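Any value given below was found using the heavy atoms of this structure, including those in side chains, with hydrogens, waters and symmetry copies removed. For ligands, and for the atoms within them, numbers begin at 1 and follow the listed sequence. Computed from a predicted structure; not experimentally measured. For this chain, numbers begin at 1 and follow the sequence in order.
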Amino acid sequence: MAAILLTSPMQGWATSLDTVPDAVFAERMMGDGVAIDPTGDCLHAPCDGVVLSVHASGHAITLRSPEGAEILMHIGLDTVALGGRGFTPLVEEGASVDRGDPLIRFDLDLLVCETPAVITPVIVTNSDRFTIQGHEIDRLVAIGDTLMTLVRRDERAADAAIVAGDGVRRTIVVPLAHGIHARPAARIGAAARAFVSEVSIAKDDRIASVRSPVALMALGVRLGDDVTIEATGPDAAEALAAVADLILGGMGEGADSPAASAPALPLVIPATTTLPADGRLRGVTASPGIAIGEAGLFRLAEIAVAQAGNGVEAERRALDVALAAVFSRVAFRSTDATEAEGAIREAHAALLTDPALTDAADAAIARGDSAGFAWRSATRAQADALRATGNARMAERADDLLDLERQVLRTLAGEDPDERIAFPHGTILLADDLLPSHLLGLDTTTIVGFCVERGGPTSHVAILAATMGLPALVAVGSALARIAAGTPLILDAGAGVLHVAPDAASLATAQTAIAAQRDRRTAALADAGRECRTQDGVRIEAFANLGSADDADIAIRNGAEGCGLLRTEFLFLERESAPDVAEQTAEYQRIADTLAGRPLIVRLLDIGGDKPAPYLPIAAEDNPALGLRGIRVGLAFPDMLDAQLRAILAVRPAGQCRVMVPMVASLAELRAVRAALDRAIEATGHRDPVSLGIMVETPAAAVTAHLLAREADFLSIGTNDLTQYVLAMDRGNPAVAASLDGLHPAVLALIGQTCDGAAANGRWTGVCGGLASDPLAVPILIGLGVTEVSSAPALVPEIKALVATLTLPDCRALAHDALSCGSAAEVRALAREFRR
Ligand code: PEP
Ligand code: MG
């Protein structure tokens with residue numbers, strides 16, 4: 001079916017529904033559409049159709065088009081209060097009308113004088129069946145001008161990439177593990193701001209401008225949803241491509257990202273309000289660890305704000321100043337913030353400039369509200385909209401909005417936006433909910449853990465708790481409010497338990513566990529400088545994975561003996577062009593210097609697939625994990641490969657860097673890289689030998705390891721990808737996340753095969769995927785023949801301490817038994833038993 005054309009029913013200024021100062025319309029509660037600020041005095045039919053209803057007071061009318069689209073036109077706001085005055089309906093219910101026929105005549109002067117607004121929403125009310133494909137806004141329209149085109153929803157997906165006028169659109173499937181939540185929304189908005197075209201994203205019957213992260217979040221887009229991106233304007237094609245590529249690239253929200261690895265919490269929180277008889281409340285682990293302390297109650301008084309303002313101009317100015325003040329605190333906070341804190345601040349900064357909030361607040365001020373009241377109603381409406389998506393992650397973002405609400409209200413009241421509340425030493429903080437700014441403002445030297453009634457394991461507070469190393473539970477439920485200040489508590493966050501008023505025996509057990517945990521950590525760190533060997537003297541290299549120069553410093557402080565995987569993507573992503581040889585050399589050199597002579601295995605760029613770069617002309621792929629990624633990209637863009645090889649060769653001392661090839665699937669690829677390396681060596685006059693290894697991430701590489709190892713200097717197993725390809729489970733898909741376990745016997749068999757193939761050729765095999773950071777996996781890996789483990793920098797001491805307790809014969813026996821297990825769960829049980 002062709003698109004349905006709706007022409008303008010009145011003369012006036014066409015504008016987005018977002019600008020209508022009435023949440024019913026602005027939030028599309030009645031459906032999507034556009035609004036017109038009329039300059040004429042008659043409403044006409046926007047299409048042929050039948051009059052379904054004319055409101056008794058004559059101010060609103062609904063038509064049905066021949067295709068079934070139902071269009072409501074509502075002249076002015078609160079005009080029902082006129083009781084029919086000023087309106088003259090010209091048609092009756094049931095009448096057939098032609099496009100352009102006059103429908104309602106109205107007295108524009110009367111409406112201007114007696115109603116809050118004359119703006120007239122034109123709404124498609126059955127947007128479950130029809131969606132807007134294009135619309136004309138921010139321009140003057142005459143009666144009969146094109147206003148909107150509609151298309152049946154079921155036909156919309158099929159006709160991706162239709163080009164209409166200067167508009168383009170495309171339907172994509174969202175690959176983000178947690179959908180479009182705060183951070184992706186902020187980044188999509190930032191990407192679109194580089195273009196002059198207007199870009200919007202539509203899901204089902206709802207559409208949001210990408211300029212508004214809040215509106216984007218409120219779409220409730222989840223992994224696997226179809227969304228349609230629309231761009232209109234002179235650079236529409238480029239804008240659409242940039243936004244689509246960004247989303248399709250996964251935005252670092254794959255299964256291996258820390259935020260993505262936490263399970264999404266269903267919005268089900270224990271309803272019981274009484275303390276259980278055994279005193280043990282259960283919650284969801286936000287950050288593991290054990291703590292003993294006394295309850296400290298964190299309660300915030302509601303900030304009182306008067307509704308009435310002191311004049312529109314004064315209130316607008318006050319809000320602008322307060323927003324600017326909070327923005328600069330949030331956006332330009334200290335540079336020593338952790339990555340997690342930085343990400344939260346970035347999301348908060350985007351929310352503060354979000355037009356969905358600022359426009360709504362502005363409209364409320366225009367109606368006479370005070371700045372504080374207007375800001376509060378704007379944030380609460382959007383917070384409600386986010387909660388209404390039913391998506392746990394979006395609901396968590398509602399807390400961020402409430403956090404910003406308080407900061408702005410405190411600023412307006414002339415108070416310090418940071419609410420610093422002091423607690424005695426050894427406090428376990430209990431709260432209905434904790435907002436990120438509360439946690440950042442707390443003196444964490446006195447807090448030993450916290451529990452909140454609500455929240456979720458992926459909320460910003462949970463991420464911050466993990467970065468601060470504080471044990472924390474979320475979603476404990478309202479029984480938490482029953483605990484009095486000062487009550488003794490044991491928080492075993494890893495086990496998901498808060499033990500209220502424990503007896504002496506439980507306290508003693510917890511104290512022992514805490515002491516053992518602390519001793520283990522202290523001892524591991526104290527011994528972290530020792531060379532990593534098994535108890536029976538077998539040398540196992542304990543390396544660290546690095547993703548940036550900063551990581552190298554942490555790795556060294558934790559006793560890393562080298563870098564087993566430098567993910568060079570950090571240099572190539574989120575920029576307009578690839579870094580040149582000089583820039584790359586400088587970065588690699590900085591890392592090499594920090595490692596002070598220790599080996600640095602530089603992985604050639606693993607880009608494409610889930611990590612695209614805007615400057616690489618790689619077409620969108622249906623199945624990026626099986627497409628142009630890893631070394632396939634390097635070989636497809638030989639200049640880029642050459643530049644990276646030259647940069648690595650330029651690092652001094654020569655030989656500290658080794659080159660590692662990602663995603664190898666055939667010997668031919670390794671040979672092609674070897675040839676490229678030889679050319680770079682020749683061109684740069686490099687004299688020293690260069691070690692060239694491969695990552696074993698494909699089943700093909702694992703089963704042909706004996707062939708590859710003849711020509712590769714070393715093999716390092718990327719268990720993250722190997723697991724996804726062996727088990728045919730997308731590492732970015734939470735639906736299969738629970739089963740995506742590298743300890744599956746099939747993966748272990750391929751690891752064993754790789755080690756054997758390498759050893760037969762006198763080559764070593766390492767592991768740089770997630771299994772190398774898993775204490776249950778490490779003994780099995782060693783038993784299978786792995787001699788280098790490259791783990792997360794902070795875990796190096798623990799891994800080294802663990803290796804020192806192992807013997808090779810024990811590890812071999814364990815690996816042998818693991819290979820005959822029926823499942824990853826059985827392997828884990830076996831490994832647990834082994835550790836005991
Ligand atoms: C892996 O696949 O295990 C690996 C280390 O590479 P990445 O996680 O960067 O894909
Ligand atoms: Mg990989």
Open item on the list: Once you restrict to heavy atoms under 4.0 Å, what part of L722 touches ligand 1? Side chain, backbone, both or neither.
Closed with: neither
Open item on the list: Can you tell me which portion of E569 lies within the under-4.0 Å heavy-atom range of ligand 1? Options are side chain, backbone, both, or neither.
Closed with: neither
- [ ] Go through ligand 1 atom by atom and flag the ones less than 4.0 Å from a non-hydrogen atom of R567.
- [x] 4 (C), 5 (C), 6 (O), 7 (P), 8 (O), 9 (O)
Open item on the list: Need the ligand 1 atom indices (1-based, order shown) with element for anything under 4.0 Å from a heavy-atom of L565.
Closed with: 5 (C)
Open item on the list: Just checking R530: does its CZ atom have more than 12 heavy atoms from other residues, nucleotides or ligands closer to it than 6.0 angstrom?
Closed with: no
- [ ] Could you establish whether Q724 and ligand 1 come within less than 4.0 Å of each other, counting only heavy atoms on the residue side?
- [x] no
Side chains of residues 748-758: which donor-acceptor partners sit under 3.5 Å, not counting sequence neighbours?
| unit_1 | atom_1 | unit_2 | atom_2 | d |
| --- | --- | --- | --- | --- |
| T754 | OG1 | L750 | O | 2.7 |

TODO: Could you list all the side-chain hydrogen bond (donor to acceptor under 3.5 Å, both in side chains) pairs where at least one residue sits in residues 700-718, not counting sequence neighbours?
DONE: R671-E711
TODO: Of all N, O or S atoms in D721, identify the one at the shortest distance from the Mg ion (ligand 2).
DONE: OD2
Open item on the list: Check this for me: E798, atom CD, are more than 12 non-hydrogen atoms of other residues, nucleotides or ligands nearer than 6.0 Å?
Closed with: no
Task: CZ-CG distance between R590 and D553, expressed to the nearest 0.5 angstrom - done: 10.5 Å
TODO: With the Mg ion (ligand 2) as the reference point, give the N/O/S atom of E697 that is nearest.
DONE: OE2
Open item on the list: So if I count the atoms of ligand 1 from 1 in the order they appear, which ones are less than 4.0 Å from some heavy atom of G769?
Closed with: 3 (O), 5 (C)
Task: Spatial distance of atom CE (M729) from atom CG (D741) [nearest 0.5 Å] - done: 10.0 Å
Task: Element-labelled atoms of ligand 1 that are located less than 4.0 Å from some non-hydrogen atom of M695 - done: 4 (C), 5 (C), 6 (O)
Open item on the list: If you compare all heavy atoms of R632 against all heavy atoms of G627, which two are closest, and at what distance to 0.1 Å?
Closed with: NH1-O, 2.9 Å
